[in-house]
Amino acid sequence: MSKEEKKVNRRDFLFTASYTIGAVGLGAVVWPLVDQMNPDKAQQALATTEVDISQVEPGNSITVLWRGKPVFLKRRTQEEISEARAVSLTDLPDPQKDEERVKEGKDEWLVMLGVCTHLGCVPLKDKGDFNGWFCPCHGSHYDVSGRIRKGPAPKNMEIPKFEFVDSNTIKIG
Amino acid sequence: MKKFKFKILILSFFLLLTSIVPSLGAGSGGDLLKVDWSFKGLTGKFDRASLQRGFQVYKEVCSSCHSMQYLSYRNLGESGGPEFSEQEVKAIAASIEIEDGPDSQGEMFTRPGRPADKFKSPYPNVNASIAANGGAYPPDMSVLVKARPGGSNYIYSVLMGYEEPPAGMILDEGVYYNKYMIGNKIKMSSPLSEDIVEYTDGTQATIDQMAKDVTTFLTWAAEPELEERHRTGVKVIIYLILLTTLVYLSMKKIWSRVDTEV
Amino acid sequence: MSDHEYKPKSKLGKWFNDRLPLLTLGAHLTDYPTPKNLNYWWTFGGILTFCLLTQIITGIVLAMHYVAHADLAFASVEHIMRDVNYGWLIRYIHSNGASMFFLAVYIHIFRSLFYGSYKSPREVIWIIGLMIYLLMMAAAFMGYVLPWGQMSFWGATVITNLFSAIPLVGDSITTWLWGAYSVDNPTLNRFFSLHYLIPFLILGLVVLHIWALHVPGNNNPVGIDIKKPSKDTVPFHPYITIKDAFALLMFMIIFAGFVFFSPNVLGHSDNYIPANPLVTPAHIVPEWYLLPFYAILRSVPDKLGGVILMFGAIFILFVLPWLDTSKVRSAVFRPIYRQFYWIFVLDVLMLGYMGAMPAEGIYLVLARVGTIYYFLHFIVVLPVVGLLEKTDPIPMSISEPVLTGGADPSLARKDNEKI
């Protein structure tokens, strides 16, 4: 029945226009329903955090929570820095120079996500065979630059976006 | 035509409804003072300068007793509001001390406020607030404008409505007469007086000016989405009218086949 | 549903359809013969389906952010309004959507009352419809409690307290409903659970409602039985789909008007005050769509009597098909019933208005008059008018009055002929 009618009545511009405009509206309706699941404004406001590093002695580190994850801020001694820079890149499963992981002029400060790149556990500080961190979950060893040296983790611990607001404050994110 | 008569009937009933319904909530405070607010109407917007002045009034006059717990300092910089600059927002936040913690020793500590923090309340909890204010709770102002029949006009009227009580009315200690307050009695003395605030933009701080500014600010605080809501609403209604027209014409075209078939 | 000879076009379609005849169902719905004389009062079924889906979708999304705990509920709603992306929009659509849902359902019900859509053989459709309406009221009532404002809390207190009027077991039932010794956190939690559940029960009933409808087919403004398919019917698609779309769009314009420009006008300002068990609002009122029943409840001085009458006002609708004795379906041909119909409409509107007023003075008097008349309409007017009324001549077919240029009495159905 209606099939023949369709053959007789060509798909008019009117019908096409209606469908198209309707589809546009439908799309516009879908977007808020999807976007509401994105991080809300309160989450976005917590997207950056400022850390006071004035109390940290060389050789020590602190851990802060940023976006729900731990961030290690380690103030390395000159010895530790030299040790990190002496490592040959061929020894590294994820080759990366120590210089690339710190800010110029602020080499003391290693700021990295304290999350093992294997399956997400939090590595323990001052442990392991490489004078850095050791992840107890599956035995990954990280060195004093937070780079993976031994074990199942594929990548070095991630360096987030950060900057020095002043010499006593680091802003992460 | 008959079909449309009914639709028009319903539409007009509805419009009638929406015009009576608001007045159904009117309090015993008598007819309210009405202001031609810039944010009323289909395309209403907030007066940016008035919002900033209103915030100043809130901060300097009201915030010592009235909390605003659902607002964050960063809201002051977001679009559609007072739109303070990022530095100004940081400064406003940093001017108050926020309790945070516990630290690694288990102790609570205070630190300067940050934009992400919620507005600091003058009292730690409602009971403390009631105890400090003669047994009356100074309501939180986050949604106060929506929580009173008459909304912005009500808040403005109450601020302007302090008068001598009518002859014969005895008022208890700490109770004041207000022409527009529901019940006519209020436990807050007139909060605004000439020049109680020195506006940073140099505007003369008359009671009327401060009442308008702080009411505008409170309206934004209760409905920060107002401008976006109006903007989107205009677009949606125009779109719907367009689509309705197209669909109506399509409908006429399709149904034209029926009458010819008979 | 009639057996279909629909044959899917593709091989995959045939394979699937043989195992689950969704394509046959689709064809049935598309070709479904619908009376061609349906007026706009018939578009509200489609509009209601839209409303139900809107509430479900916005509701599920809101539930991703809402916290059903007495200490956090109010704050979580403010979080939705202020921080969640488009949270204000989704919340206002949901709250105003509830009002639009009820506006549509009342129009839909009053259409049925006018055109006799509840009469044989459509009694079960009508009864399922009432069950849907009851569930809607339960869902709306519980939904209103969730923001945990003053009206949420005190409305819940008043209505749940009604159950204590039941003799012997009343208090136990009320405590059981509360999960505590007053409306409190346990009450809020379980209301949230049930509020999420009920719309899906409604969805199931809607399927049954439409299925039951498709057996006899739609009623129509003239109220006569028609052959399907015939020159009196059109296939549902595209004729009815496009008409429903047009009506829906008009409805959406009104909906958008509320959401974007007056989102709180149908609500009560007291619900923006956080719930306080120590302070009772001056006037406790439910949302507008429950006002007529609220008026009936309060017109009886006795608590149990009020409860009985309030529920009675809904339950009497269940037996309406048997109370209305008229052999003529549509009020178009029932001049006496038509008058009483409009009086009934006014009565319900008046009860609604009284429900918003304090239950004293002239308001209470009018509420009582309205309540008595409400029951009189069903128990006295309908049976008597149905029996005694001289109805107008009814046409033989839908097309006939159009073709012959008017109602020709000689072409009219005889009184003893079946409708």
Side-chain angles (χ1 to χ4, degrees), chain B residues 2-4 6-7 10-11 13-14 17-18 21-22 24-25 27-28 41-42 69-72 75 126 137 139-140 142-151 154 182-183 222-225 228-234 236-237 240-241 243-244 247-248 250-251 253-255 257-259 261-262, chain C residues 36 39-41 74-75 78-79 81-83 86-89 92 103 107 149-150 221 231 234 238-239 241-243 245-250 252-274 276 279 282-283 285 288 349 353 356-357 399 402-403:
Chain B
K2 221 176 174 186
K3 352 180 184 186
F4 278 103
F6 285 121
K7 272 254 164 236
I10 290 306
L11 207 76
F13 166 67
F14 220 45
L17 202 77
T18 51
V21 165
L24 284 178
S28 65
L42 303 186
Q69 59 176 308
Y70 297 116
L71 265 75
S72 306
N75 296 139
V126 172
Y137 170 60
D140 179 273
S142 310
V143 286
L144 190 62
V145 167
K146 290 200 282 194
R148 297 288 182 274
Y154 177 81
I182 297 173
E223 300 191 280
E225 86 292 343
E228 192 190 348
R229 179 160 54 78
H230 285 174
R231 262 197 324 268
T232 312
V234 169
V236 167
I237 302 255
L240 284 175
I241 290 175
L243 187 59
T244 306
V247 169
Y248 175 76
S250 305
M251 177 177 72
K253 210 171 178 76
I254 290 172
W255 276 85
R257 304 177 204 161
V258 173
D259 299 329
E261 252 173 48
V262 175
Chain C
K36 67 179 181 187
N39 59 35
Y40 282 96
W41 300 117
F74 192 91
E78 279 306 305
H79 162 70
M81 294 294 289
R82 292 165 192 277
D83 293 328
Y86 297 103
W88 59 268
L89 177 62
Y92 277 150
L103 174 67
I107 295 174
Q150 275 287 70
K231 63 170 167 36
V234 287
Y239 293 92
T241 45
I242 194 78
K243 191 166 178 178
F246 170 65
L248 177 60
L249 284 168
M250 297 285 277
M252 283 168 77
I253 292 175
I254 298 174
F255 192 0
F258 280 110
V259 167
F260 291 101
F261 300 108
S262 231
N264 292 300
V265 72
L266 296 170
H268 200 289
S269 54
D270 272 2
N271 224 32
Y272 278 104
I273 302 172
N276 185 347
V279 174
H283 303 293
V285 262
W288 70 267
L349 288 173
Y353 194 81
M357 295 294 117
S399 317
V402 176
L403 285 178

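First the proteins, then the strands, lettered A, B, ... as listed; each starts at 1.
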Would you list the atom pairs, donor with acceptor, under 3.5 Å between side chains in residues 253-264 of chain C and any protein atom, with sequence neighbours excluded?
unit_1	atom_1	unit_2	atom_2	d
C:N264	OD1	C:Y272	OH	2.7
C:N264	ND2	C:Y92	OH	3.2

- [ ] Against chain C, label B:V234 side chain, backbone, both or neither, depending on which of its atoms sit under 4.5 Å from a heavy atom there.
- [x]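 Contact with chain C is through both the backbone and side chain of B:V234.
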
Open item on the list: So for B:I237, is it side chain, backbone, both, or neither that comes closer than 4.5 Å to the heavy atoms of chain C?
Closed with: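 Contact with chain C is through the side chain of B:I237 alone.
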
- [ ] Among B:K146, B:M251, B:E228, B:E225, single out the residue with the greatest number of heavy-atom pairs under 4.5 Å to chain C.
- [x]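 Among the listed options, the one with the most contacts to chain C is B:K146.
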
TODO: Please list, chain by chain and in numerical order, all residues satisfying side-chain contact (heavy atoms from CB on, under 4.5 Å) with B:S142, sequence neighbours excluded.
DONE: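 If we apply the side-chain contact (heavy atoms from CB on, under 4.5 Å) test to B:S142, skipping adjacent residues, the hits are B:M68, B:Q69, B:Y70, B:L71, B:D140, C:R82.
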
TODO: With a 4.5 angstrom heavy-atom cut-off, could you sort out which part of C:D83 is near chain B: side chain, backbone, both or neither?
DONE: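 Answer is side chain: those atoms of C:D83 sit under 4.5 Å from chain B.
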
- [ ] For C:H268 and C:H283, work out which heavy atoms get closest and say how close.
- [x]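 Smallest interatomic distance, heavy atoms only, reads NE2-O, 4.4 Å.
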
TODO: For residues B:V143 and C:F74, determine if any side-chain heavy atom of one lies less than 4.5 Å from a side-chain heavy atom of the other.
DONE: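 Yes; the side chains approach each other to less than 4.5 Å.
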
